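Accompanying notes for the structure given below.
To find a chain, count down the sequence lines: A is the first, B the second, and so on, and within it residues start at 1. Note that the structure is predicted; figures quoted are calculated from it, not measured.
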Number of protein chains: 2
Amino acid sequence: MNFQKRKQKILEQLDRTGEVDIKELATELDISEITARRDLNQLANDGLLYRTHGGAMKVDPLAKPKDFANKAAQNAGVKDDICRKAAEHITDGDIIFMDCGSTVFRLCQFIKHKKIKVITNSLPVIYELQNCSVSINIIGGEFNNERQATHGKIANEHIARYHAGKAFLGVDGISARGLFANSELEAEITSMYISQSAYTYVLCDDSKVGKETYLKFADINQVEAVITNADDGKLAGFKDTALTILQVG
Amino acid sequence: MNFQKRKQKILEQLDRTGEVDIKELATELDISEITARRDLNQLANDGLLYRTHGGAMKVDPLAKPKDFANKAAQNAGVKDDICRKAAEHITDGDIIFMDCGSTVFRLCQFIKHKKIKVITNSLPVIYELQNCSVSINIIGGEFNNERQATHGKIANEHIARYHAGKAFLGVDGISARGLFANSELEAEITSMYISQSAYTYVLCDDSKVGKETYLKFADINQVEAVITNADDGKLAGFKDTALTILQVG
DNA sequence: CTACATTTGATCAAATATAATCAAAATTGA
DNA sequence: TCAATTTTGATTATATTTGATCAAATGTAG
């Protein structure tokens, strides 16, 4: 029983009962109390639970804005797994880009407590990260109501003025041949994110893996890592690429 | 039963019945009276309830600290009058700037149905105008949580790239000698709005008229009109200026 | 106002949880 | 395989939480 596995079980029970107890946890997971404590502390540090004396409680479920929440809720379990993994790669002091997809949006909950700078064109992300330790830089430009984000020439130029250590991006399709998008606007801004960040993570669930849709906008070697729940079979195509693959679930 | 959990239960009961009693609390939560007292004291200290002898009462929900909505609600009647008048000057096809003050925010309700472009640095304005006939251009840059808006160098440069027919701005003070602001950030972005618009309306209630506070950032002849509820006496100082004065109320 | 009951805060003691330190065990990478 | 690193657990010291007692403050009734 390693840390990752315990983490899952703890979060699972927390989700079910709303609370956990150090002593019970130690018994159930067959670990010492101090290890249980260490686990809880780490999870609390990642903002995934509230630490209490002798245990922990579920973190407040927050009211999600508008219908975006519904779309974001589709496949939420998998997306959360992906984002939890992504959050492990974000540390205090980081400057990161976040794009406007529903997957990337779910990353917010895991980074709220971190002392980082987020540059984003996504209104839901902005909304979610106000009033917390994250400092926000809004990408200006024409606002697209459907995507709840800014896009276009001015937005692209805005991004071009910044550099970030990491970018966390969603795509509509990814294969060994490159990254694919369903719209030009989306493709352009994603390209810009990639070019202005030192290290790019692509976040996508298995439905996007192997999919080559509409518009190819980047080669696979332009991004550094993909975080996904796809299985080895689906990922076999990436064998010959330099891509770092982070599997979850 | 730890403090966090008791806190939940206490606040829950408070919300239901409006009050709690030390003795009952001690029995129900199976804690000593002194612990119940300590809990109530701490919650009172956090402003979550009113401490009374022998128990506690629900705190007045209207007395919550100033979030933007409340601030915007202060003096709402007057501000609405001012904004209603301002809206009369906005017609389909207009491109307008709106700044991030609480007065200008109330203009939103009167322009929702209009077919115009709004360029703004105010997050509340953006929220208010989504999903309606107004097309939005967001001014990018670093987000200031207190003001719920973007400010700074990049924001100013963003504005510099656009021109609008009209600007609707709030100020912290206005007199025949010029416009005044309580912060440099605010002053700079307002100056930029003025210089990039053909016609500038200043929206302010009578408390701002004649007030010369902190930082003067523009001469009075740089703006074209002021919309206010101030009376003739307060406005007498503007007699010798070219300013168009639109009185309401 | 006085007398009485109740509530309260302070102090202390006991129980419990936590952090710190260090050693053992497991994992990792050559 | 061995050495280095990480993870885990035992021990001890520290901190927190809780409850009991009691004097002081507050509220109530006459």
Side-chain angles (χ1 to χ4, degrees), chain A residues 1-14 17-59 81 84-92 110 113 115 224-225 227 232 239 242-249, chain B residues 1-14 17-59:
Chain A
M1 179 79 78
N2 59 22
F3 177 55
Q4 306 303 337
K5 221 167 172 176
R6 294 200 306 270
K7 205 166 163 181
Q8 258 188 348
K9 284 198 180 278
I10 292 170
L11 292 174
E12 198 177 290
Q13 178 179 342
L14 213 53
T17 68
E19 59 183 335
V20 292
D21 177 87
I22 291 269
K23 282 192 157 59
E24 289 174 19
L25 216 56
T27 313
E28 282 172 30
L29 303 183
D30 197 30
I31 53 176
S32 72
E33 290 186 18
I34 184 145
T35 300
R37 250 197 305 276
R38 272 194 276 242
D39 285 357
L40 292 188
N41 284 351
Q42 176 151 0
L43 294 175
N45 197 44
D46 289 348
L48 300 175
L49 49 77
Y50 263 139
R51 192 73 168 76
T52 65
H53 252 93
M57 293 181 66
K58 188 156 61 173
V59 67
D81 289 342
R84 204 175 283 122
K85 170 67 76 178
E88 291 173 12
H89 292 252
I90 300 172
T91 56
D92 285 358
F110 301 114
H113 62 288
K115 292 181 179 55
E224 280 73 27
I227 307 179
D232 293 337
K239 273 286 196 308
L243 199 63
T244 299
I245 293 176
L246 302 164
Q247 252 174 308
V248 299
Chain B
M1 179 79 79
N2 57 27
F3 173 63
Q4 279 80 4
K5 202 148 188 225
R6 294 200 305 270
K7 177 172 165 181
Q8 265 188 345
K9 288 199 180 277
I10 292 170
L11 292 175
E12 197 178 292
Q13 180 179 342
L14 213 53
T17 68
E19 57 183 342
V20 292
D21 177 86
I22 292 270
K23 279 191 159 56
E24 288 174 20
L25 217 56
T27 313
E28 282 173 31
L29 302 183
D30 196 30
I31 52 176
S32 73
E33 290 185 19
I34 183 146
T35 301
R37 250 198 307 276
R38 272 195 277 241
D39 285 357
L40 293 188
N41 285 352
Q42 177 152 359
L43 293 176
N45 202 44
D46 290 347
L48 299 174
L49 50 76
Y50 259 141
R51 193 72 168 76
T52 63
H53 262 251
M57 292 179 62
K58 186 155 62 172
V59 70

Round to a whole Å and report the spacing from [atom1] of [X] to [atom2] of [N].
X        : N       : atom1 : atom2 : answer
Arg37(A) : dA10(D) : CZ    : P     : 12 Å
Arg51(B) : dG9(C)  : CZ    : P     : 6 Å
Glu33(B) : dA20(D) : CD    : C1'   : 12 Å
Asp39(A) : dT6(D)  : CG    : P     : 17 Å
Ile31(B) : dA15(C) : CD1   : C1'   : 17 Å
Ile34(A) : dA13(D) : CD1   : P     : 15 Å
Leu29(A) : dG9(D)  : CG    : C1'   : 15 Å
Phe3(B)  : dA15(C) : CZ    : P     : 24 Å

Between the base of dG9(D) and the side chain of Arg38(A), is there a donor-acceptor distance below 3.5 Å?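 Per atom types, the contact qualifies.
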
Please find the pair of heavy atoms, one from [X] and one from [Y], that lie closest to each other, and give the distance.
X        : Y        : value
Arg37(B) : Ile22(B) : CG-CD1, 3.4 Å
Gln13(A) : Glu24(A) : NE2-OE1, 4.4 Å
Leu49(B) : Leu40(B) : CD1-O, 3.5 Å

Charged N to carboxylate O under 4.0 angstrom, Lys58(B) versus Glu19(B)?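 A salt bridge is absent here (no side-chain N lies under 4.0 Å from a carboxylate O).
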
Phosphate OP1/OP2 of [N]: any [X] side-chain N/O under 4.0 Å:
X        : N       : value
Thr35(A) : dG9(D)  : yes
Lys23(A) : dT16(C) : no
Arg6(A)  : dT8(D)  : yes

So Asn41(A), base contact, sugar-phosphate only, or nothing? Heavy-atom distance under 4.0 Å.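 The residue Asn41(A) makes sugar-phosphate contact but no base contact.
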
Of the candidate nucleotides dG9(C), dG19(D), dG27(D), which contains the atom at the shortest distance from the side chain of His53(B)?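 The answer is dG27(D).
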
Closest to side chain of Ile22(A), choosing from dT18(C), dT18(D), dT8(C):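 Nearest listed nucleotide: dT18(C).
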
For His89(A), all residues meeting ring-ring contact (aromatic ring centres under 6.0 Å, His included), sequence neighbours excluded: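 Only Tyr201(A) meet the ring-ring contact (aromatic ring centres under 6.0 Å, His included) criterion with His89(A).
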
Does Lys7(A) NZ have over 12 foreign heavy atoms under 6.0 Å away?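 Yes, the 6.0 Å shell around NZ holds more than 12 heavy atoms from other groups.
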
Would one find more than 12 heavy atoms of other residues, nucleotides or ligands at under 6.0 Å from atom CG of Asp30(B)?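 Not more than 12 within 6.0 Å, no.
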
So how far off straight is the helix from dC1(C)-dG30(D) to dA30(C)-dT1(D), going by the axes through five pairs at either end, to 10°?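 Rounded value for the end-axis angle: 40°.
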
